[in-house]
A.B. asks: 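First, the structure itself, so that you have it in front of you.
Note that the structure is predicted; figures quoted are calculated from it, not measured. What's counted below: heavy atoms across the whole structure, side chains too, no hydrogens, waters or symmetry copies.
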Amino acid sequence: MAKKQKGSLLGIVFLCLVLVGLVLVVVGMFVGQVTHTYMKLTTETKEAIKLFDGDFWNKESSLGFGQITPSNTLGIIAFIVAAVGLLVLICTGVLQNLLKKDGSILNIVRIVGVALTIVGAVLILVSGITMANACYGDYKEQAEALKISFAPGIGVWLGFVGGLVGGVCGALPLLKPFK
């Protein structure tokens, strides 16, 4: 009886960590995807460019940066894939832990959820790096001379970490020691 209680408690802990991963992915989708750092006389200024920031992505800025890129669309799709994978993991976790349903079909669905989540997390990171590099356009040398740089923002890192944490914590209940 104590072993079943331990497995159930671990399952609930993993389910809570998957929920935390989902929150991180959703928050990451709506905060800065690319950080834009530049020098202004004697101070360094840092701004965030959001995934849905139409003003930046739809036209070129005064320095010639900021063209819309396919990685912007890839970023949106990657966040959605990671969120769907996490939702699948939450549903299977609720069915297995709270409603005491078990079966091989739930394990297969859980594996699909883990795969979606981890693939989504990796795509979030790849799209963030690609977006940051695409912001330079054809002006990389000029940007470096003006001390302008683009890098993946906090939203990319939140989405990546949330997807990895959710994916790993969703996969652990499949292993024998955690059942």
A.B. asks: For Gly75 and Ser127, which heavy atoms make the closest approach, and how far apart are they?
C.D. replies: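 Taking every non-hydrogen atom into account, CA-OG, 3.3 Å.
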A.B. asks: Name all residues meeting the side-chain contact (heavy atoms from CB on, under 4.5 Å) criterion together with Ile77; count only those two or more places apart in sequence or in a different chain, and write none if there are none.
C.D. replies: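 Testing Ile77 for side-chain contact (heavy atoms from CB on, under 4.5 Å), a comparison that skips the adjacent residues, returns Thr73, Val81.
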A.B. asks: Let me check something: do Leu10 and Leu175 share a hydrophobic cluster, defined by ILVMFWY side-chain heavy atoms less than 4.5 Å apart, either directly or through other members?
C.D. replies: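 Same hydrophobic cluster.
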A.B. asks: I need the Leu106 CG to Ile111 CD1 distance, nearest 0.5 Å.
C.D. replies: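 Leu106 CG to Ile111 CD1: 11.0 Å, rounded to 0.5 Å.
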A.B. asks: Taking all atoms of both residues into account, what is the closest heavy-atom pair of Pro152 and Trp157, and its distance?
C.D. replies: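 For Pro152 and Trp157, the tightest heavy-atom pair comes out as O-NE1, 3.5 Å.
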A.B. asks: So, for Ala78 and Leu123, which heavy atoms are closest and what is the spacing to 0.1 Å?
C.D. replies: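 Shortest heavy-atom contact: CB-CB, 3.5 Å.
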A.B. asks: With side chain to side chain contact (heavy atoms under 4.5 Å, CB included) as the test, pick out the partner of Cys169 among Leu164, Val18, Leu19, Thr117.
C.D. replies: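 Testing Cys169 for a side chain to side chain contact (heavy atoms under 4.5 Å, CB included) against Leu164, Val18, Leu19, Thr117 leaves exactly one candidate, Val18.
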A.B. asks: By side-chain contact (heavy atoms from CB on, under 4.5 Å), which residues pair with Val112, not counting sequence neighbours?
C.D. replies: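 So Val112 forms a side-chain contact (heavy atoms from CB on, under 4.5 Å) with Leu116.
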A.B. asks: Among residues at least two apart in sequence or on other chains, which ones pass side-chain contact (heavy atoms from CB on, under 4.5 Å) with Val13?
C.D. replies: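 With neighbours one apart ignored, the set is Leu17.
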A.B. asks: Grab the two heavy atoms, one from Gly170 and one from Pro173, that are nearest each other, plus how far apart they are.
C.D. replies: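 Closest approach of Gly170 to Pro173: O-CD, 3.5 Å.
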A.B. asks: Would you compute the distance between atom CZ of Phe30 and atom CG of Leu158 and round it to the nearest 0.5 angstrom?
C.D. replies: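 Nearest 0.5 Å value for the CZ-CG distance: 13.0 Å.
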A.B. asks: Got a second to check how far Leu9's CG is from Asn97's CG, nearest 0.5 Å?
C.D. replies: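 CG of Asn97 is found 10.0 Å from CG of Leu9.
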A.B. asks: Please list, one pair per line, the donor and acceptor atoms closer than 3.5 Å that link side chains of residues 82-96 to other protein atoms, with sequence neighbours excluded.
C.D. replies:
from: Thr92; atom 1: OG1; to: Val88; atom 2: O; distance (Å): 3.2
from: Thr92; atom 1: OG1; to: Leu89; atom 2: O; distance (Å): 3.0
from: Gln96; atom 1: OE1; to: Arg110; atom 2: NE; distance (Å): 3.2
from: Gln96; atom 1: OE1; to: Arg110; atom 2: NH2; distance (Å): 3.1
from: Gln96; atom 1: NE2; to: Asn107; atom 2: OD1; distance (Å): 3.1

A.B. asks: If you round to the nearest 0.5 Å, how far is CG of Leu174 from CZ of Phe14?
C.D. replies: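 Interatomic distance, Phe14 CZ to Leu174 CG, rounded to 0.5 Å: 10.5 Å.
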A.B. asks: Give the minimum heavy-atom separation between Ile124 and Phe160, together with the two atoms involved.
C.D. replies: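 Heavy atoms of Ile124 and Phe160 come nearest at CG2-N, 4.0 Å.
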A.B. asks: Starting from Ile80, can I reach Met131 by hopping between I/L/V/M/F/W/Y residues whose side chains sit under 4.5 Å apart?
C.D. replies: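 Shared cluster, yes.
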A.B. asks: Checking Val23 now: which residues fulfil side-chain contact (heavy atoms from CB on, under 4.5 Å) with it, not counting sequence neighbours?
C.D. replies: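 side-chain contact (heavy atoms from CB on, under 4.5 Å) check on Val23 returns Val27.
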